[in-house]
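Whatever order the structure lists them in is the order used to number ligands and atoms, beginning at 1.
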Amino acid sequence: MRILAIESSCDETAASVVENGRNVLSSVIASQVEEHKLYGGVVPEIASRRHAEAIVGVVSSALDEANTQLQDMDAIAVTAMPGLIGALLVGVNFAKGLSLASGKPLVPVHHLRSHIASNYISNPDLQPPFLCLIVSGGHSHIVMVEDYTKMKIIGRTRDDAAGEAFDKAARVMGMPYPGGIHLDKIAEQGDPFAYKFPHPHVTGGKYDFSFSGLKTAVINTVHNIAQKGGEIPVADISASFRKTVVDCLCEKFLAAADELKANKLVIAGGVSANSLLRKQLADECKRLGYGFYMPQKSLCGDNAAMVGSQGYYEYLSGNIADMSLNAAATASIE
Ligand code: KG4
Ligand code: ZN
């Protein structure tokens, strides 16, 4: 079964053709990041306009690169929630148009579910149930994936998402948007024990995260050094910050796995590209005898291949929309 998938939830316009949920025939991504960089973050109005300009070309390229055409598709999957509403609407309306014109079923996909599905592409033998840590620019969740379309939230961030904290820490040290990847690289040169940043304490939800206090601690540290006229030790601060975030994520994720007796652990989302997170969890899972799965780095960020993968399982579970489908800025993964 072949699915044409479309993604436009944030700042990448993407389209892909995926066969049977696991085999990617094409994956095209038009990134707007260079333009948003000028403003230090995504400007929603610009994002919507750029999606509208790019979508026809991106979808045509995805079909061309897969050597196929719309008539040969079995369904059209699209990210419908959550994300920037104006950005999502471009993809949703385009997908509705294609579905109406071709008569192919329209499959709405939840953005975070699609991040999880990037793992089905990178790890062909992976099947639910498993426990997943989803860490992106907008969300940080621990989710029990009971089945491909049945999920339960075990923990979530109370404030900033992990990616957001990375980006804000990177920004205060002068790195370009999105700073997570730059901070990750620079951290490799630094001492992770040079600075002691607070491990956020969260009352209530045992597996909930909080990153805003940590983010503020980094910002204050940088400002204090700058005010005294000192040079910012960017590598050491980056390494110490990265270690603190990764320790927090690993600690809660592994504690949840222990309590839920989950022995298959999966990571997903933009921050799952983080080198320390990947290494630390791989080492811990090896030590504990858990199976550990992660997406290949090229599938950690936003792309449409993961939408085609999740779309396949949504289709099989009967999640098919009609022309009343609307985009939603917020929506639970459950
Ligand atoms: O999943 P994603 O592409 O978009 C959202 O759905 O939000 O995640 C983007 C986030 C950004 O905050 C970006 O800085 C972060 O993922 N990110 C990283 C790394 N690569 C991307 N954070 C830490 N280390 C990385 N290597
Ligand atoms: Zn994403």
Side-chain angles (χ1 to χ4, degrees), residues 5-14 16 27 29-33 36-37 40-42 44 47 78-84 87-88 91 109-119 132-141 143 156-157 160-173 175-188 190 192 209 211 214-215 218 238-239 241-250 267-281 294-307 309-310 329-331 333:
I6 297 173
E7 149 68 32
S8 70
S9 66
C10 190
D11 58 351
E12 334 273 354
T13 319
S16 172
S27 177
I29 304 175
S31 175
Q32 311 171 354
V33 74
H36 295 295
K37 236 181 217 175
V42 176
V78 63
T79 311
M81 79 296 277
L84 299 171
L88 286 165
V109 175
H110 189 286
H111 182 62
L112 296 181
R113 287 189 178 194
S114 71
H115 270 299
I116 296 173
S118 61
N119 280 285
C132 187
L133 173 70
I134 312 172
V135 271
S136 74
H139 300 85
S140 299
H141 279 6
V143 175
R156 52 153 49 104
T157 182
D160 292 354
E164 204 177 338
F166 266 105
D167 292 344
K168 287 182 179 157
R171 185 175 176 171
V172 74
M173 290 187 278
M175 297 172 212
Y177 171 85
I181 188 168
H182 302 289
L183 192 151
D184 188 18
K185 271 196 196 121
I186 293 166
E188 293 293 319
F209 305 109
F211 293 112
L214 173 58
K215 173 195 71 186
V218 172
S238 296
F241 170 80
R242 180 178 73 162
K243 175 86 179 117
T244 311
V245 174
V246 169
D247 282 348
C248 292
L249 292 171
C250 290
I267 56 174
V271 182
S272 69
N274 187 268
S275 351
L276 183 65
L277 180 65
R278 292 168 84 90
K279 186 178 177 314
Q280 199 157 312
L281 272 177
M294 50 193 168
Q296 65 210 67
K297 283 206 176 180
S298 61
L299 290 178
C300 291
D302 292 343
N303 65 85
M306 65 187 192
V307 180
S309 176
Q310 184 61 25
T330 56
I333 192 172

Inset, instruction - Kindly write out the residues that satisfy salt bridge (Lys or Arg N to Asp or Glu O under 4.0 Å) with R242, not counting sequence neighbours, or none if the list is empty. - result: D184, E188
Legend entry - Which residue and heavy atom of the protein sit nearest atom 26 (N) of ligand 1, plus the separation: D184 OD2, 2.9 Å
Inset, instruction - Would you check if the side chain of D167 reaches a backbone N or O of G180 as a donor-acceptor pair within less than 3.5 Å? - result: yes
Inset, instruction - Provide, to 0.1 Å, the distance between atom 23 (C) of ligand 1 and the closest protein heavy atom, together with that atom's residue and name. - result: N274 ND2, 3.4 Å
Legend entry - Sub-6.0 Å ring centroid separation between F166 and F241: yes
Inset, instruction - Look only at interatomic distance and state if G163 has a nitrogen or oxygen under 3.5 Å from any nitrogen or oxygen of ligand 1. - result: yes
Inset, instruction - Sequence neighbours left out, what passes ring pair (Phe, Tyr, Trp, His ring centres under 6.0 Å) with H110? Give chain and number order. - result: none
Inset, instruction - Quick one: look up the protein heavy atom nearest atom 6 (O) of ligand 1 and list residue, atom name and how far away it is. - result: H111 NE2, 3.0 Å
Legend entry - Atoms of ligand 1, numbered as shown, that sit under 4.0 Å from any heavy atom of G138: 7 (O)
Inset, instruction - Could you label the plane-to-plane angle of the H139 and H141 rings as parallel, tilted or perpendicular, counting under 30° as parallel and over 60° as perpendicular? - result: perpendicular
Legend entry - Protein residue, atom and distance nearest to atom 17 (N) of ligand 1, heavy-atom basis: G270 O, 3.6 Å
Inset, instruction - Report yes or no: does S309 contribute a side-chain atom to a donor-acceptor pair with the main-chain N or O of S118 at less than 3.5 Å? - result: no
Inset, instruction - Less than 2.8 Å from the Zn ion (ligand 2) is the window; count the protein N, O or S atoms in it. - result: 3
Legend entry - Considering all heavy atoms, the nearest H115-C300 contact: CE1-O, 3.3 Å
Inset, instruction - Return yes when A273 approaches ligand 1 closer than 4.0 angstrom through a heavy atom, no otherwise. - result: yes
Inset, instruction - List every atom of ligand 1 that sits less than 4.0 Å from any heavy atom of G301, numbering the atoms from 1 in the order shown and giving each element. - result: 3 (O)
Legend entry - ring pair (Phe, Tyr, Trp, His ring centres under 6.0 Å) against H36, all qualifying residues, sequence neighbours excluded: none
Legend entry - Pair K243 + D247: basic N to acidic O under 4.0 Å: yes
Legend entry - N/O separation below 3.5 Å, G137 to ligand 1: yes
Legend entry - Donor-acceptor contact below 3.5 Å, side chain S8 vs main chain A87: yes
Inset, instruction - Please name the pair of heavy atoms, one in S9 and one in P82, separated by the smallest distance, quoted to 0.1 Å. - result: CB-O, 3.9 Å
Legend entry - Criterion side chain to side chain contact (heavy atoms under 4.5 Å, CB included) on D302 and H111, from CA distance to verdict: CA-CA 9 Å; D302 292 343; H111 182 62; 3.1 Å; yes
Inset, instruction - Using distance alone, determine whether S275 and ligand 1 share an N or O pair under 3.5 Å. - result: no
Legend entry - Sub-3.5 Å N/O-N/O distance, G180 and ligand 1: yes
Inset, instruction - Going by heavy-atom distance to atom 11 (C) of ligand 1, choose the closest among D167, D302, V271, N303. - result: D167
